[in-house]
Amino acid sequence: MQTKKLFISILSFLLYAPLIFSSPVPDPEAIVEEVHNTEEARLPLLHHRQPNRRLLAPPPPPGPPPPPASPTAPSGSAHWESHRHRLADCAIGFGKNAIGGRDGRIYVVTDSGNDDPVTPKPGTLRHAVVQDEPLWIIFQRDMTIRLKEELIMNSFKTIDGRGASVHIAGGPCVTIQYVTNIIIHGVHIHDCKRGGNAMVRSSPRHYGWRTVSDGDGVSIFGGSHVWVDHCSLSNCEDGLIDAIMGSTAITLSNNYMTHHDKVMLLGHSDTYARDKNMQITIAFNHFGEGLVQRMPRCRHGYFHVVNNDYTHWEMYAIGGSANPTINSQGNRFVAPNIRFSKEVTKHEDAPESEWKRWNWRSSGDLLLNGAFFTPSGGAQSSSYAKASSLGAKPSSLVGPLTVGSGALNCRKGSRC
């Protein structure tokens, strides 16, 4: 039996190594085929806990109960603290191969202050994320970390906020630049500011000059195999989560986003062709109060927007330019009480004669309070093969699927 398990492990590594270690993924079709072969075995994380906020939309009509969590997932267990690394097996969508620090030791952050961007002190978050080895990073206690410069992450890291209330706030925030296999789970990221014109360390062997940063909550710049899950994000200087410059194989799931203008930018510019390989899953998120636009704004690539709850926007919810493929499935869109802001979509920077050929579709979405989605391009399923990453649940289940979005209130000995 042990020989058989060893053989299967070696075979799995050989099959997945090209996906894990390449950035960006060269062929979106390879990712899609691999995702479709296994997605039925991976269900969304449905954490058994009381909601941490008021449900802001009308309750969904009666329907069947949501599916149970995967038996390998730590959700619903009071023993999650002893099995933290199992979280890495629960990723879904295009970022499902993000293993983070699964194969490394646990690193405990004990010091919330003393942020030195060049010579980080052991026990600080910055010291943990720049190491070369895989690390699963946890926190000794509740803490608010105010960084002096961008937190530049090295590959194969997990930031796991479960068990504490962890806030990264009040300074520059998280940068995932030209690295791979990152998991960020269960933290609050808010009030992020610009940084730069300073020296910042990115590994034990390297630090260098950084120009002015944008002030994003999470900036993914040429990164791959990234999973941002169960985070609460708000009120940053630029985007809450931006992914640009050839980033791909990304899942943004179970997050709670509020009080922000330009929420997500996915794609660097209309002329940056490398973003044509971009594949991003946006699933089970709650786009909440105080949001204005870009949930997300897409360029070039392939975007699966599935089972999210859109309860607030002021301008539009989903937009894009430069011929992105947008597959919207099983979402709930509640339009604002603003006469000229009922449209979910915004085709940007192109005349109708051009954007009407872009592949944007709405399938099984629930459109409320006058919300409407303007589709374009081909209606056939084959047009969306590269923008499909998991099976959509009925939009009637969006309420229970997203009621636990945001950072979880996990404490030792309690369910999570």
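Since the structure is predicted, the reported quantities are computational estimates derived from the model, not experimental observations.
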Next on the checklist: In terms of relative ring orientation, are Trp227 and His185 parallel, tilted or perpendicular, with 30° and 60° separating the classes?
Outcome noted: tilted
Checklist entry - Any idea how Tyr272 and His268 line up, ring-wise: parallel (<30°), tilted (30 to 60°), or perpendicular (>60°)? => result perpendicular
With side chains defined as the heavy atoms from C-beta onward, is the minimum distance between [X] and [Y] less than 4.5 Å?
X      : Y      : answer
Met245 : Arg274 : no
Leu87  : Trp136 : yes
Ile152 : Arg201 : no
Asn308 : Ile282 : yes
Val179 : Lys157 : no
Phe156 : Thr180 : yes
Phe287 : Asn331 : no
Val292 : Lys262 : no

For [X], give me all partners under salt bridge (Lys or Arg N to Asp or Glu O under 4.0 Å), at least two apart in sequence or on another chain.
X      : result
Arg294 : none
Asp191 : none
Glu237 : Arg194
Lys346 : Glu348

Next on the checklist: Before you tell me yes or no, could you show the steps for Ser376 and His347 under side chain to side chain donor-acceptor pair (under 3.5 Å), namely the whole-Å CA-CA distance, both residues' side-chain angles and the distance that decides it to 0.1 Å?
Outcome noted: CA-CA 9 Å; Ser376 57; His347 296 76; 3.1 Å; yes
I need the minimum non-hydrogen distance between [X] and [Y], along with the two atoms involved.
X      : Y      : value
Lys386 : Phe94  : O-CZ, 3.4 Å
Trp313 : Ser341 : NE1-O, 2.9 Å
Phe284 : Leu390 : CZ-CD1, 3.9 Å
His230 : Gly404 : CE1-O, 3.0 Å
Pro134 : Gly101 : CB-CA, 4.3 Å
Asn359 : Asn323 : N-OD1, 4.4 Å

Item to check | Step-by-step side-chain contact (heavy atoms from CB on, under 4.5 Å) determination, Leu125 to Ile168 | outcome: CA-CA 10 Å; Leu125 178 58; Ile168 301 173; 3.9 Å; yes
Item to check | Contact list for residues 398-412, test salt bridge (charged side-chain N to carboxylate O under 4.0 Å, His left out), sequence neighbours left out | outcome: Asp142-Arg411
Donor-acceptor pair, side chain of [X] and main chain of [Y], under 3.5 angstrom:
X      : Y      : result
Asn285 : Asn255 : yes
Asp229 : Ala91  : no
His190 : Gly217 : no
Tyr310 : Ile318 : no
Thr251 : Ile92  : yes
Asp365 : Gly330 : yes
Thr248 : Asn277 : yes
Ser232 : Gly406 : no

In chain order, what residues pass the side-chain contact (heavy atoms from CB on, under 4.5 Å) check against [X], with sequence neighbours excluded?
X      : result
Lys121 : Asp111, Asn114, Thr124
Arg146 : none
Asp103 : Ile99
Asp242 : Asp216, Asp238, Leu265

Can you tell me if [X] and [Y] form a side-chain donor-acceptor pair at under 3.5 Å?
X      : Y      : answer
His286 : Thr311 : yes
Asp270 : Ser321 : yes
Ser219 : Thr175 : no
Ser388 : Asn327 : yes

Between [X] and [Y], does at least one N-O distance fall below 4.0 Å, as a salt bridge requires?
X      : Y      : result
Glu133 : Arg105 : yes
Asp115 : Lys148 : no
Asp275 : Arg299 : no

Checklist entry - Taking it one step at a time, do Asn307 and Leu397 satisfy side-chain contact (heavy atoms from CB on, under 4.5 Å)? => result CA-CA 8 Å; Asn307 290 141; Leu397 293 179; over 6 Å; no
Item to check | Partners passing disulfide (SG to SG under 2.5 Å) against Cys173 (at least two apart in sequence or in another chain) | outcome: Cys192
Checklist outcome for this item: Applied to residues 99-123, the ring-ring contact (aromatic ring centres under 6.0 Å, His included) test, sequence neighbours excluded, yields Tyr107-His127
Next on the checklist: Give me each pair satisfying ring-ring contact (aromatic ring centres under 6.0 Å, His included) with a member in residues 192-213, each pair once, sequence neighbours excluded.
Outcome noted: none
Checklist entry - Under the salt bridge (Lys or Arg N to Asp or Glu O under 4.0 Å) criterion, do Arg210 and Glu149 qualify, and how do the steps go? => result CA-CA 9 Å; Arg210 299 289 294 181; Glu149 296 295 341; over 6 Å; no
Next on the checklist: As a quick check of understanding, evaluate side-chain contact (heavy atoms from CB on, under 4.5 Å) for Asp132 and Ser203, giving each step before the final call.
Outcome noted: CA-CA 7 Å; Asp132 284 333; Ser203 77; 4.1 Å; yes
Item to check | Steps toward side-chain contact (heavy atoms from CB on, under 4.5 Å) verdict (Met278, Phe303) | outcome: CA-CA 8 Å; Met278 181 178 285; Phe303 305 94; 3.7 Å; yes
